[in-house]
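In what follows, every chain begins at residue 1, and chains take the letters A, B, ... in the order their sequences are listed. Just so we're clear, the structure is a prediction, and the values are computed from it rather than from any experiment. Side-chain atoms are counted along with the backbone in the values below, which use heavy atoms only and exclude waters and symmetry mates.
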Amino acid sequence: MDKVYNHIDNDKKWYRYWLDNKIFSTKVNKNKKPFVAILPPPNITGTLHMGHALNAILQDSILRFKKLQGYNTLWVPGLDHGGIATQNVIEKNLKKENKTIYDLGRKKFLVKIKEWEINVKNQILEQLKLLGCCLDWDRTAFTMDTSCSKAVKKAFILLYNKGVIYRGNKIVNWCVKCRTALSDIEVEYETEHSKIWYIKYPIYNSNSFIVVATSRPETLFGDTAVAVHPSDDRYIKLLDQIIVVPLVNRKIRIIADYAVDKIFGTGVVKVTPAHDPIDNEIALRHNLDVINVINTSGRMSNVPSCYSNLNIEEARDKISTELKKNGFLVKVDDYSHSVKKCYRCSTKIESLMSEQWFLNVKNMSQKAIDVVKKTHQIHFYPKSWETSYISWLENLRDWCISRQIWWGHRIPVYYCTSKHLTCKPIASFNIPKECPYCKGSNFVQDEDVLDTWFSSALWPLSVFNWGENEFNKDLQYFYPTSILVTGHEIIYLWVARMIQFSLEFTDKIPYKDVIIHGIVRNSNGKKMSKSLGNTIDPRQIINQYGTDALRFGLMKVAIQGRDIQISNDVFLYSRNFINKIWNASRFVLTNIKNLNIKNSKTQIQLGELVDKWILVEYYNMIKKVNKAYQDYNINIVTRELYDFFWYKYCDWYIEFAKIRLCSKDVEKSNLVLLIMATILQKTLQLLSPIIPFVTSELLKLLNKVGYSQQQININIDELESKLIIKQMTTIVQDIITKIRVTLNEMHIPVGTNIKSLFYSNNSTINQNIIRQNEHYIKSLTQIASISFIEKIDEVKNAVVLIAGGCEIYLLIDKYIEYNKERTRIEKELNTAKINLKSLASKLHNVNFINKAPKSEVTKVSIKVDNLMLKIKKLQMYLDVLKK
RNA sequence: GGGCAGUUAGCUCAGUGGGAGAGUGUUUCCCCUACAAGGAAAGGGUCGCAGGUUCAAAUCCUGCACUGCCCACCA
């Protein structure tokens with residue numbers, strides 16, 4: 001075995017082994033319970049970054065753990081076509097060649113995007129393999145696959161025929177760069193420092209005027225009213241008066257509406273129904289005209305010719321100048337407000353009227369709320385996200401599902417070309433043969449594609465072929481799935497919609513537990529994202545430190561639901577830990593050949609305090625780790641395993657073992673070996689879901705030296721039942737008896753919290769005794785949380801009966817002993833003129849006395865919580881010294 | 001405006017009522033047969049601020065400040 005763990009060869013070797021042996025492929029097995037996850041399909045916009053890696057590794061660890069627990073685990077891989085996002089990437093690339101997608105045309109463009117798709121897909125799949133993901137590759141899916149396409153069409157047709165999908169001319173968010181409509185959640189807000197214009201609107205047939213404050217003067221051509229608050233005394237007398245829009249002299253009315261804020265600006269709003277959602281609502285309430293003045297290119301249209309075709313900024317400047325020139329402008333103030341931006345290209349969003357497809361989500365939302373809020377079929381981890389999820393669903397408007405782009409699922413709607421008045425659009429899997437209204441036979445398909453999130457919402461269904469056959473075996477067995485692991489950024493975009501669709505189409509929830517992890521940020525705290533171009537490629541870390549180190553590091557910092565900042569330290573930390581594991585195993589493996597397993601049963605009785613201690617710690621660690629896995633707190637798993645393995649197992653148990661293995665008592669050294677190997681093996685198993693590569697190799701080597709799975713299991717049981725349950729409980733019972741006697745002597749009633757004794761004014765307690773023991777009790781409170789006894793549950797139960805005094809009594813005993821021992825040993829060392837510091841580091845050197853440095857003995861500082869072991873260690877130095 | 005996180009060592013962060021911690025960096029010593037990717041130590045902290053509850057608060061409560069995120073509004 002190498003001195004340093006070689007991750008590069010080992011990673012490759014094991015993943016190949018898993019692939020060759022089809023370890024990850026899962027079939028329906030009615031005798032086993034399934035545990036299923038579906039990989040949130042990464043967009044094919046580019047390769048995977050740390051955020052994806054975190055997401056994938058979390059799932060991988062959970063699934064591998066569930067597999068250890070005996071579940072029939074399935075993890076379905078897949079990719080998302082990414083709609084606008086991917087189209088944007090291609091457009092950007094084309095721009096480098098000075099081309100646009102329109103130069104190519106729809107067909108050639110789709111060919112181009114297909115090339116891109118294949119290239120990126122392969123890279124992403126390779127990356128997932130590099131990360132060690134236990135994905136069932138035979139099931140790899142893509143959101144543009146036929147099975148997915150069938151699901152999309154099926155869902156659309158069902159919803160269309162139900163009447164919840166409809167086509168309408170409504171105000172939508174329009175990205176002038178992507179040239180498509182967007183849904184409400186695809187819009188981001190950004191603060192912009194701008195101006196606010198105060199404009200005079202003359203009252204018709206009068207010399208007076210009303211002043212309107214607006215941040216968008218260019219839309220005044222589209223004004224069809226001016227609104228005030230119904231209870232605004234300043235303006236209420238003007239209600240229903242006619243006023244004149246400046247520059248165009250159109251006559252409009254003053255209306256009253258509760259949407260107006262009296263305090264804001266002048267308390268008067270110009271109403272532009274075509275270009276503002278709120279104004280649009282006002283218009284609906286008051287039956288106002290709608291005048292479009294901005295077109296889909298973001299330019300002025302339907303306006304006086306000198307403004308026509310100007311972009312927004314140009315129009316704004318010109319109007320500002322004109323208003324000033326004509327005396328309509330009162331003032332212009334600085335003003336900052338938030339503006340809508342496209343979530344994919346950050347271009348300013350225009351609100352405008354457009355003919356689009358919408359989905360009425362009211363019914364679905366209610367069901368999706370109920371499964372979380374009322375029936376608790378779905379749980380969020382952490383739970384705090386449930387509130388946001390519910391409140392979002394409660395305030396949902398209809399979902400605009402059509403997009404004016406080329407990359408995506410074409411809307412399965414056909415129009416009869418005869419354009420007969422009675423003809424209606426037909427939703428259908430294929431081109432209809434005959435129009436049911438006019439018997440015509442020529443059709444054109446709707447040009448638009450569906451929002452990419454429409455197919456995403458169907459993802460858990462489409463990967464199990466719901467579109468083709470909703471009663472297939474896979475769907476019956478694997479669905480609903482077990483967990484969904486994702487970042488909080490897509491709870492609304494994706495999670496909520498999957499739940500809505502799943503309930504709509506199957507009456508089942510799509511998954512039981514939603515595990516939300518944080519967003520990975522770089523060291524500046526900025527979000528890592530492909531569009532920002534500040535991503536770290538996990539491949540770089542894998543090369544440097546290995547996959548296991550990447551995995552362990554990410555798991556360590558991934559606290560449920562909290563954003564994380566990545567720094568190199570954490571990978572270094574992990575790499576070192578893995579090397580530590582490697583070397584500790586190396587030590588065990590080289591010694592274990594001497595183990596004589598046949599006699600193990602008798603040996604167990606020979607355990608010393610160290611053995612009992614490590615077994616208690618070990619037993620306790622297993623419990624904590626299992627619980628943490630169960631709660632999906634993987635960061636706690638890593639912490640517990642790290643602390644146990646390094647600080648307890650390596651620093652203490654193995655260090656002791658070195659000396660004890662020299663013992664001529666074969667029985668005793670056999671016991672040490674047995675315990676050492678048992679703990680190692682079980683710890684490796686618990687680590688294996690997180691760092692599968694190194695642990696697989698080490699477990700294999702352990703098996704090779706004859707330390708097989710079956711023997712281990714028996715031995716673990718033996719050790720746990722005999723040592724922990726029997727020996728430890730007898731020890732503990734002794735202590736408890738002792739405490740009871742002592743408490744009795746002190747006239748302290750059983751059930752009192754001994755920690756509070758000194759401070760409380762409890763009159764039933766003999767204060768004299770307390771005072772006599774003041775020093776005693778005070779020192780107890782100082783060292784109250786020693787790990788030795790406190791961490792055994794059996795003991796804890798017993799402790800609870802007599803309240804908090806138990807562990808303290810034990811400690812005081814040892815504390816006094818410790819102080820005595822320490823003084824004695826320090827004295828002896830002092831006379832021997834040995835430098836204890838260097839001594840400590842020379843523990844294993846038989847000849848160290850000859851090499852002992854000349855320097856004076858320095859103060860020995862010892863942590864209290866390890867004091868028992870420290871004493872032992874010091875005693876050992878002494879023993880060696882005396883020889 | 002509403003909601004949710006966070007504020008602990010130089011840096012990155014753990015820590016759910018009693019001992020202030022880890023990694024990293026700094027300083028000192030050590031290649032001793034598992035590990036120098038290691039070991040033994042040292043230094044470094046009014047645990048954001050102010051109140052409150054408690055014998056006891058980094059931890060629970062209230063308020064405030066700052067940072068970040070989400071939602072709504074922004075004429």
Mutual orientation of the aromatic rings belonging to Y492(A) and W392(A) [parallel < 30°, tilted 30-60°, perpendicular > 60°]: parallel
Whether Y649(A) and Y653(A) hold their rings parallel, tilted or perpendicular, with breakpoints at 30° and 60°: parallel
[X] [atom1] to [N] [atom2]: how many Å, rounded?
| X | N | atom1 | atom2 | result |
| --- | --- | --- | --- | --- |
| N6(A) | A37(B) | CG | P | 16 Å |
| I559(A) | U16(B) | CD1 | P | 11 Å |
| I581(A) | C35(B) | CD1 | C1' | 12 Å |
| F645(A) | C35(B) | CZ | P | 14 Å |
| Y5(A) | G38(B) | OH | C1' | 19 Å |
| I636(A) | A14(B) | CD1 | P | 11 Å |
| M1(A) | U33(B) | CE | P | 18 Å |
| N579(A) | G38(B) | CG | C1' | 9 Å |

Set of ring pair (Phe, Tyr, Trp, His ring centres under 6.0 Å) partners for H286(A), sequence neighbours left out: none
At under 4.0 Å between heavy atoms, what does [X] touch on the DNA or RNA strands: base, sugar-phosphate, or nothing?
| X | value |
| --- | --- |
| A213(A) | sugar-phosphate |
| D643(A) | nothing |
| V271(A) | nothing |
| Y492(A) | sugar-phosphate |

Does a side-chain N or O of [X] approach OP1 or OP2 of [N] to a distance below 4.0 Å, or not?
| X | N | answer |
| --- | --- | --- |
| K3(A) | A36(B) | yes |
| W582(A) | G38(B) | no |
| K580(A) | G39(B) | yes |

Enumerate the protein-to-nucleotides 23-26 of chain B contacts in which both atoms are nitrogen or oxygen and the separation is below 3.5 Å.
from, atom 1, to, atom 2, distance (Å)
G23(B), OP1, Y647(A), OH, 3.0
U24(B), O2', D569(A), OD2, 3.4

List, with names and distances, any nitrogen or oxygen atoms from the protein found under 3.5 Å away from nitrogen or oxygen atoms belonging to nucleotides 1-8 of chain B.
from, atom 1, to, atom 2, distance (Å)
G6(B), OP1, R562(A), NH2, 3.2

Expressed in whole Å, how much space separates the [atom1] atoms belonging to [N] and [M]?
| N | M | atom1 | value |
| --- | --- | --- | --- |
| G52(B) | C66(B) | P | 24 Å |
| U33(B) | G38(B) | C1' | 13 Å |
| U67(B) | C30(B) | P | 49 Å |
| C13(B) | A56(B) | P | 34 Å |
| C31(B) | G39(B) | C1' | 10 Å |
| G51(B) | A65(B) | C1' | 15 Å |

Can you name the residues that form a side-chain contact (heavy atoms from CB on, under 4.5 Å) with [X], not counting sequence neighbours?
| X | answer |
| --- | --- |
| D333(A) | I196(A), Y198(A), K331(A) |
| S574(A) | A549(A), F552(A) |
| L572(A) | Y545(A), R575(A), N576(A) |

CA sep, side-chain torsions, deciding dist, call: W385(A), Y389(A), ring pair (Phe, Tyr, Trp, His ring centres under 6.0 Å): CA-CA 6 Å; W385(A) 279 106; Y389(A) 165 87; over 10 Å; no
Nucleotide nearest R575(A) (side chain, heavy atoms from C-beta), chosen from A37(B), G39(B), C13(B): A37(B)
Candidate nucleotides C69(B), G38(B), C73(B), ranked by approach to the side chain of H488(A) - the nearest: C69(B)
Residue that, paired with K270(A), satisfies side chain to side chain donor-acceptor pair (under 3.5 Å) out of D276(A), D279(A), T224(A), D223(A): D223(A)
Ring centre gap for Y258(A) and H229(A) strictly below 6.0 Å: yes
D261(A) side-chain N/O to G267(A) backbone N/O, donor-acceptor pair under 3.5 Å: no
Backbone of S391(A) reached by a side-chain donor or acceptor of N395(A) within 3.5 Å: yes
